[in-house]
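Worksheet: one structure, shown below.
Within every chain, numbering begins at 1; the chains are lettered A, B, ... in the order of the sequence lines, protein sequences first and strands thereafter.
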2 protein chains.
Amino acid sequence: MSDIDVDEEAAALLSTANHRYTTSRKRLVAALQAGEGPLTITQIVEAEKSLPQSTIYRNLTILEEANVVTRIVTNDDFARYELAEHLTEHHHHLICSDCGHVIDFALDAETEALLDKALHQAAEKSGFQVSAHQLDLIGTCASCS
Amino acid sequence: MSDIDVDEEAAALLSTANHRYTTSRKRLVAALQAGEGPLTITQIVEAEKSLPQSTIYRNLTILEEANVVTRIVTNDDFARYELAEHLTEHHHHLICSDCGHVIDFALDAETEALLDKALHQAAEKSGFQVSAHQLDLIGTCASCS
DNA sequence: ATAGTAGTGAGACTCAGTATCATTTTCTCA
DNA sequence: TGAGAAAATGATACTGAGTCTCACTACTAT
């Protein structure tokens, strides 16, 4: 998926929510696009030094409300943001329990379909309306082990 | 799995870590056992009014280090605790994105085995050592929809 | 008994995240 | 174009879940 698509889609989503696709918001989207996995606020603040913290927090919240971006929390208590799935590909996370680093990975389509079916069946039993699933692997990354 | 097993196991695990299985720790374990899913600290403080907050936090941390209990964080930013998997059964979570409530569910053994195999294969590609997986369904619970 | 170690609980403290508000930028439409 | 309206910015104050401290209490073993 090319940069232009993501930018266009982000602009459209924000516009629907009566928000503008300003320079700072573009920079946040670009930063998330550049990462190989979800980024913590700290990482974003580091990467975009000229953007003040309050602007970053505020805009990430707005981007999340507009469905441009997704907020995830792993067990290290730092919120992380990534581009929403419809702007990337469906994927999962490898979480290093040592350093907290998170990287993306994908399952093959067959396994994913099977999993999805099983999950919907399981959810129905509890009267639960599923909108998404989140699958994380906890372990030790290559550089920590 | 009966209460006595959990208590014995907890006592053994704590003892290995040079900790005692005191009354407050027993009460925490019992409270987690009684829940139908992971409990937030707030819920535990409510349920065990006579235990001060500092004791609850401290002991949950100790119980976690001793592998009696697992700490999980969902997207609502409240840490939740549940009994460690070897004291219960392997299971997953249904997370209500409206009210934040979390309940347990299990997949059938076949699907679980298949999933596990696919996950290990995927992790190997990234040089990742998997120790656990965590699968959450996000959606709307029966009482919120 | 008593010394040593672990646990307790009240309250102070930390810091990621949120709210406020005066100022600046951008859009709109006459 | 340009004036007013609406949204965005950024410095700073605030909030609250979670952590730390420390004087005190309760086990436990020799």
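- For Glu110(B), the side chain to side chain donor-acceptor pair (under 3.5 Å) criterion is met by no residue, not counting sequence neighbours.
- By the side chain to side chain donor-acceptor pair (under 3.5 Å) test, Arg20(B) is found to be paired with no residue, residues two or more places apart in sequence or in another chain being considered.
- Hydrophobic cluster membership of Val102(B), counting Ile, Leu, Val, Met, Phe, Trp and Tyr whose side-chain heavy atoms lie under 4.5 Å apart directly or via other members: Ile95(B), Ile138(B).
- Across residues 69-77 of chain B, not one residue has a non-hydrogen atom less than 4.0 Å from an atom of DNA chain C.
- Under a cut-off of 6.0 angstrom, the local environment of CD in Gln129(B) is sparse, with at most 12 non-hydrogen atoms contributed by other residues, nucleotides or ligands.
- For the contact set between residues 18-31 of chain A and DNA chain D, defined by any heavy atom under 4.0 Å, the members are His19(A), Arg20(A), Thr22(A), Ser24(A), Arg25(A).
- Within residues 34-61 of chain B, the residues approached by DNA chain D to less than 4.0 Å at the level of any non-hydrogen atom are Ile41(B), Gln53(B), Ser54(B), Tyr57(B), in residue-number order.
- When side chains are defined from C-beta on, Pro38(A) counts as touching Asp104(A), because their heavy atoms get closer than 4.5 Å.
- In this view, Gln121(B) satisfies the side chain to side chain donor-acceptor pair (under 3.5 Å) rule with no residue, not counting sequence neighbours.
- Residue Glu65(B) contributes atom CD, which lies 14 Å from atom C1' of dA6(C) at whole-angstrom precision.
- Every residue two or more places apart in sequence or in another chain that forms a side chain to side chain donor-acceptor pair (under 3.5 Å) with Gln43(B) is listed here: Thr40(B).
- Looking at residues two or more places apart in sequence or on another chain, you find no salt bridge (charged side-chain N to carboxylate O under 4.0 Å, His left out) involving Glu124(B).
- On the nucleic acid side, DNA chain D contacts chain A at distances under 4.0 Å to non-hydrogen atoms, with the end points of that region at dA6(D) to dT12(D).
- Judged as a ring pair (Phe, Tyr, Trp, His ring centres under 6.0 Å), not a single pair has a partner in residues 56-85 of chain B (not counting sequence neighbours).
- Minimum interatomic distance between Glu82(A) and Leu32(A) (heavy atoms only, all atoms of both residues): C-CD1, 4.3 Å.
- The ring pair (Phe, Tyr, Trp, His ring centres under 6.0 Å) analysis of residues 116-145 of chain A, with sequence neighbours excluded, yields the pairs His90(A)-His133(A), His92(A)-His133(A).
- Within the 4.5 Å cutoff, the side chain of Asp77(B) has heavy atoms near those of the Arg71(A) side chain.
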